[in-house]
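Read the structure below first, then the notes.
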Amino acid sequence: MLPKAYEPQEVEQKLAEKWQNAKLFAAKADKNKKPFVIVIPPPNITGALHMGHASTNTLQDVLIRAHRMFGEDAYWVPGTDHGGIATQNVIEKKLAKEEHKSRHDLGREAFVKTVWDWYNECGNAIFNQFRKMGWSLDLSDIRFTMDEKRAKAVYECFRQWWEKKYIYRGKRLINWCVRCSTALSDIEVEHEQHAGKLWYLRYKGEDGSDGIVIATTRPETIYADAAIAVNPKDERYKNMVGKKVIIPLANRAIPIIADEAVELGFGTGALKITPAHDATDYEVGQRHNLPIMTVISDKGKMINCPEKYLGMDRELCRKETVKDLDAAGLLVKEEKYNNAVSTCYRCHSAIEPFMSEQWFVKMDELAKPAIEAAESGELQFHPANWKNPFLNWLKNIQDWCISRQIWWGHRIPVWYCRHCSEKGLTFATDQQGHEQLTKVSFEDGAKPIVSYEKPEKCPICGGHDLVQDPDVLDTWFSSALWPMSVFGWPEKTPDMEHFYPTSVMVTGYEILYLWVARMVMTGLAFTGKLPFKDVYLNGIVRDKHGQKMSKSKGNVIDPLDMTAKYGTDAVRFSLLMQAVPSKDIPYSEDSITGARNFCNKIYNASRFILMNMEGIKGPLAMPTEVTELADKWILDRFTNAIKTAREGILKYNLALTANTLYHFLWGDFCDWYVELAKQRFQTQEKEKVMALCVNILYGTLKALHPLIPFITEEIASSLRPYVQEEGEFLLQQAYPEFKPEWCNKEAVRKMEIIQGVTREIRTIRAQFNVPPALKITAVLTAKDEAELTVVKEYEGYIKLMAKADKLDIGVNLAKPKQTATAVFENTAIYVPLTGLIDFEKEKKRLEKDLAVAKANIASREARLAQENFIKHAPKEQIEKTKDELAAAKVALAQVTASLEDLA
RNA sequence: GGGCAGUUGGCGCAGCGGUAGCGCGUCCGCCUCACACGCGGAAGGUCACAGGUUCAAAUCCUGUACUGCCCACCA
């Protein structure tokens with residue numbers, strides 16, 4: 001016998017092991033089967049499992065498991081991401097904490113080795129946590145974005161794009177993270193509102209006049225000013241254009257120019273132009289051929305400025321500059337101002353626009369096929385409202401800055417001959433005394449040789465002194481190739497043939513551009529096929545009040561803590577109950593207890609059925625024909641639940657699947673069917689009832705298995721002797737099919753009446769505190785025989801469910817004395833309760849019913865009185881309204897009579 | 001500045017043309033021999049606001065107000 005309450009921990013451990021040992025999750029690469037493939041969004045090697053993983057991977061797992069049970073060749077491809085900047089940051093922090101060293105203390109080679117050591121040790125640790133979650137990944141072959149095969153894919157992409165001239169080198173203003181000391185692409189920059197200040201500064205005229213007042217949020221950049229710009233339409237400054245003013249503190253003269261980019265209404269209408277430190281200013285500078293002066297270094301320190309500030313941190317320089325301007329009487333005023341500050345998406349420190357030469361990918365040609373695929377509907381978003389933002393982004397796409405000045409990542413596969421590229425190469429000696437290439441300038445004559453491995457000799461001079469480009473590629477460069485590279489692209493592998501394109505990409509909407517768009521573009525560029533035709537965007541798991549979970553807020557829920565406490569299935573199910581595409585999930589422990597309770601309910605229902613199996617020999621076939629109403633009814637409910645559950649999976653609405661099965665199992669099966677079946681356990685019908693019970697329960701477990709694999713597997717294995725199923729594991733069995741022949745509207749209607757009448761009697765019992773043990777008698781009466789057929793025929797159901805030992809059923813029966821009354825549709829219900837009736841209470845109850853009946857009559861009559869309603873509404877609607885009116889009238893009559901009786 | 005979502009009982013959500021459902025919470029009664037992680041019952045909402053379309057609107061349209069997210073070169 002099973003223990004009294006479900007204890008998940010032991011079961012989960014046991015099953016997770018069994019599943020892996022049975023190689024249950026391996027794809028068969030069976031050409032006769034339709035492949036169903038999901039490539040996992042690779043988790044970073046440093047990341048601990050968090051609710052975001054729990055949510056997105058559970059969704060993928062449900063889809064994979066379900067499609068496997070649908071008979072497809074399901075394959076969920078596992079892998080990890082090297083995670084570029086994020087990983088480098090983590091390892092640097094670790095290094096600082098544990099050894100008080102920076103990466104420069106180690107040197108590049110040793111640092112990279114440290115990260116690889118970390119990967120080899122812990123890189124797959126996250127998959128042990130994944131296994132705990134029951135995620136059906138085949139862990140015998142785990143990819144890594146930096147392993148050799150993936151590195152080859154990255155190189156091949158680079159080579160082809162280089163040859164096509166999509167990849168190029170360019171000098172421009174890029175986003176520079178001073179803390180991470182690297183360039184970032186545009187979409188890696190986030191915008192945050194910061195409470196800052198706006199300073200008004202006076203630039204005196206060269207001629208000694210008062211000059212002009214500008215407003216700026218960045219006074220420390222005045223030393224790099226190249227001009228003051230005003231709007232050409234601005235009357236205030238019309239006659240000043242062309243004149244020169246003096247940069248305060250720097251005492252350098254710059255011209256006043258006119259440019260459309262200047263907003264008339266903002267500040268003073270005059271804008272300082274600093275091409276090297278602001279994107280807009282850069283463009284203005286280009287238009288007016290302004291010189292570019294850089295005053296902030298890549299380390300965030302002041303350079304090329306008045307001596308006093310040299311080497312100062314940019315933040316400090318700002319303060320000092322303001323102070324000095326004030327002292328010089330050139331600070332006109334300062335006001336509070338909320339401005340959008342660009343920040344690094346990895347470390348959230350302020351981004352510095354920075355002039356530098358970087359590697360770029362030209363995107364317009366690559367974007368075109370992706371735009372077509374989205375516009376034609378070949379690429380589908382779930383939900384569909386992401387299509388437009390996706391298109392909008394692609395249509396305004398900027399070239400992609402792919403070089404990063406960090407050490408961890410795919411090194412740019414470009415080499416230089418020290419002899420031939422001499423002028424374009426800058427070397428420095430690192431702390432280990434090694435000479436390192438630190439900077440490459442194509443402008444100054446660096447000549448690239450694209451090669452995966454170090455070329456033997458320089459193709460120009462034949463020299464052997466070759467050095468590799470110091471930069472690494474953006475992490476997302478390898479991620480963009482992921483759905484192909486996992487199958488061995490660019491090799492023509494059997495996996496690539498069979499599994500590509502994949503079926504659906506499941507990921508968060510926050511990386512739609514960063515990742516999804518790029519996979520679509522590269523997939524189309526290299527294979528001519530979309531890497532997936534469906535994109536399912538899942539929401540973000542937030543706290544109960546919709547706040548993002550974060551350590552600083554202290555509202556983080558750790559999925560592993562929760563599984564330890566409530567069981568993995570409970571955590572999974574709680575997420576699935578709320579899994580509506582693209583909707584954020586407000587999450588708290590409460591939602592897990594609900595799911596845990598459901599698991600326990602399943603467990604106990606199963607336990608009960610097993611208890612009653614004593615003396616019965618399995619397997620029990622599902623009866624081909626049923627005559628009993630309860631049986632007909634439960635088959636209808638069951639097969640409709642299955643239908644909806646399947647629909648939910650196919651439409652990526654797993655909340656629908658979860659909720660449907662939850663309510664079927666609990667509300668229909670346990671509360672009504674099993675309760676009614678109890679009575680039949682004492683009769684010869686027992687075996688047939690047990691056959692239905694066990695088969696429906698087993699079918700429901702199968703339907704639930706993709707959602708809550710552990711408990712369903714555990715119970716199913718106990719039930720297996722009683723059902724006709726092959727296969728040791730549920731995953732090897734077929735998902736239940738919808739059976740139209742089980743639909744039975746008549747049975748559902750009859751049960752509705754029985755349930756309705758039962759509830760009325762139960763309500764009376766509850767309201768008058770009839771002790772549970774006390775059996776009662778009830779009178780059921782109506783105006784004609786036909787209204788009473790159902791209650792008459794299924795008298796036994798009502799007696800059982802309402803705890804009545806006698807029912808008097810007949811036409812126009814008289815109301816006994818001391819009676820509580822109720823009405824269900826056309827049937828009046830009298831429950832004599834001698835000594836138990838509280839007349840005041842009953843009067844209140846009846847008055848309430850009276851009001852409801854009256855309101856119902858009024859609204860139906862009003863509607864039926866409208867000519868237009870009769871004219872336009874569909875027939876069924878009119879009929880329905882008439883029926884409702886009739887029922888309301890019956891109710892009114894009954895209630896009125898009862899009230900009169902009371903008085 | 002543009003775009004997209006959301007606004008439904010105390011809380012969190014579903015419903016998306018025929019006048020409201022779920023879970024949690026609350027209240028009442030029950031240890032009824034599967035389950036107190038349970039059973040039965042009750043209370044609680046003019047579905048943000050204002051117009052419009054329709055015989056009929058949480059549900060469609062327009063606008064307003066909040067809330068959140070995304071995009072954008074107002075210093």
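A, B, ... follow the sequence lines: proteins, then strands. Residue 1 opens every chain. Quick caveat: nothing in here was measured; it's all calculated off a predicted structure.
Donor-acceptor pairing under 3.5 Å, judged by distance alone, is absent between the side chain of A/K871 and the base of B/C55.
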Grab the N/O contacts between the protein and nucleotides 58-62 of chain B below 3.5 Å, and write none if there aren't any.
none

Polar atoms only, N or O, under 3.5 Å: list the protein pairs with nucleotides 12-15 of chain B and their distances.
none

Please list, for nucleotides 16-21 of chain B, all pairs of protein and nucleotide N/O atoms separated by less than 3.5 Å.
| residue | atom | partner | partner atom | Å |
| --- | --- | --- | --- | --- |
| B/G18 | O2' | A/Q877 | NE2 | 3.3 |
| B/U19 | OP2 | A/K880 | NZ | 3.3 |

Which atom pairs link the protein and nucleotides 70-73 of chain B when you take only N or O atoms and keep those under 3.5 Å?
| residue | atom | partner | partner atom | Å |
| --- | --- | --- | --- | --- |
| B/C73 | O4' | A/T280 | OG1 | 3.4 |
| B/C73 | O2' | A/T280 | OG1 | 2.7 |

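Atom pair A/Y587:OH and B/G23:C1' shows a separation of 14 Å (rounding to whole Å applied). Atom C1' of nucleotide B/A75 and atom NZ of A/K197 are separated by 17 Å, given to the nearest angstrom. When the P atom of B/U32 is taken as reference, atom CZ of A/F681 falls 19 Å away, rounded to whole Å. A straight line from NZ of A/K601 to P of B/G23 spans 13 Å, rounded to a whole angstrom. Distance CD1 (A/I609) to C1' (B/A34): 9 Å, rounded to an integer number of Å. Note: CG (A/D671) to C1' (B/G41) measures 13 Å, nearest angstrom. Taking atom CD1 of residue A/I212 and atom C1' of nucleotide B/A75, one finds them 13 Å apart after rounding to whole Å. Remark: P of B/G23 and CG of A/L576 are 18 Å apart, rounded to the nearest angstrom.
A heavy-atom distance below 4.0 Å to RNA chain B is reached by these residues of residues 658-668 of chain A, ordered by number: A/Y662, A/H663, A/W666.
Each of B/C35, B/A75, B/G40 was ranked by its minimum atom distance to the side chain of A/N604; first place goes to B/C35. Checking B/C55, B/C74, B/G38 against every side-chain atom of A/N868, the shortest atom distance belongs to B/C55. Residue A/K678 has its side chain nearest to B/A34 when only B/A34, B/A42, B/G40 are considered. Among the nucleotides B/G38, B/A75, B/A42, the one closest to the side chain of A/N597 is B/G38. If you check B/C4, B/A75, B/G40 against the side chain of A/N385, the one that comes closest is B/C4. The side chain of A/Q767 lies closest to B/A42, out of B/C35, B/C69, B/A42. Of the candidates B/A34, B/G29, B/C35, the closest approach to any side-chain atom of A/N600 belongs to B/C35. Distance from the side chain of A/A215 is smallest to B/A75 among B/A75, B/C24, B/C35.
Residues forming a ring-ring contact (aromatic ring centres under 6.0 Å, His included) with A/Y698 (at least two apart in sequence, or on another chain): none. The side-chain contact (heavy atoms from CB on, under 4.5 Å) check on A/K775 picks up A/D805, with sequence neighbours excluded. Partners of A/K799 under the side-chain contact (heavy atoms from CB on, under 4.5 Å) rule, at least two apart in sequence or in another chain, are A/E795, A/A804, A/L807. Judged as a side-chain contact (heavy atoms from CB on, under 4.5 Å), and not counting sequence neighbours, the contacts of A/Y513 are A/I187, A/P389, A/W393. Remark: A/T216 pairs with A/L201, A/I214, A/R218, A/P219, A/K272 by the side-chain contact (heavy atoms from CB on, under 4.5 Å) rule, at least two apart or across chains.
Aromatic ring centroids of A/F381 and A/W386 lie 6.0 Å or more apart.
Salt-bridge check for A/R845 with A/E842: passed, with a basic side-chain N closer than 4.0 Å to an acidic carboxylate O. A salt bridge between A/R314 and A/E220 is absent, with no side-chain N of the basic residue lying under 4.0 Å from a carboxylate O of the acidic one.
Nucleotides B/G44 and B/C31 place their P atoms 28 Å apart, quoted to the nearest Å. Atom C1' of B/C22 sits at a distance of 10 Å from the matching atom of B/G15, rounded to the whole Å. When the C1' atom is used for both B/C60 and B/G10, the distance is 32 Å, rounded to whole Å.
Close to B/A43, at under 4.0 Å from its OP1 or OP2, lies a side-chain N or O of A/K848. Between B/C37 and A/R596, no contact under 4.0 Å exists linking OP1 or OP2 to a side-chain N or O.
Side-chain atoms of A/E714 and A/Y603 include no donor-acceptor pair closer than 3.5 Å.
Looking only at side-chain heavy atoms (C-beta outward), A/Y223 and A/I296 stay at 4.5 Å or farther from each other. With a 4.5 Å cut-off on side-chain heavy atoms, A/N856 and A/E884 do not count as touching.
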How would RNA chain B look in dot-bracket form, 5' to 3', counting Watson-Crick and G-U wobble pairs with both distances under 3.5 Å and writing | for bases paired to another strand? ((((((((.[[[[.)..(..]]]].(((((.......))))).....[[[[[..)....]]]]])))))))....
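With its glycosidic angle within 90° of 0, B/A58 adopts the syn conformation.
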Under 3.5 Å donor-acceptor pairs involving side-chain atoms of residues 655-679 of chain A, not counting sequence neighbours:
| residue | atom | partner | partner atom | Å |
| --- | --- | --- | --- | --- |
| A/T657 | OG1 | A/A645 | O | 2.9 |
| A/T657 | OG1 | A/I649 | N | 3.4 |
| A/N659 | ND2 | A/M577 | O | 3.4 |
| A/N659 | ND2 | A/A655 | O | 2.7 |
| A/T660 | OG1 | A/L656 | O | 2.6 |
| A/D668 | OD2 | A/R637 | NE | 3.4 |
| A/Y673 | OH | A/D631 | OD1 | 2.7 |
| A/E675 | OE1 | A/K678 | NZ | 3.4 |
| A/E675 | OE2 | A/K678 | NZ | 3.1 |

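Atom NZ of A/K395 is separated from atom CD1 of A/I397 by 13.0 Å, given to the nearest 0.5 angstrom.
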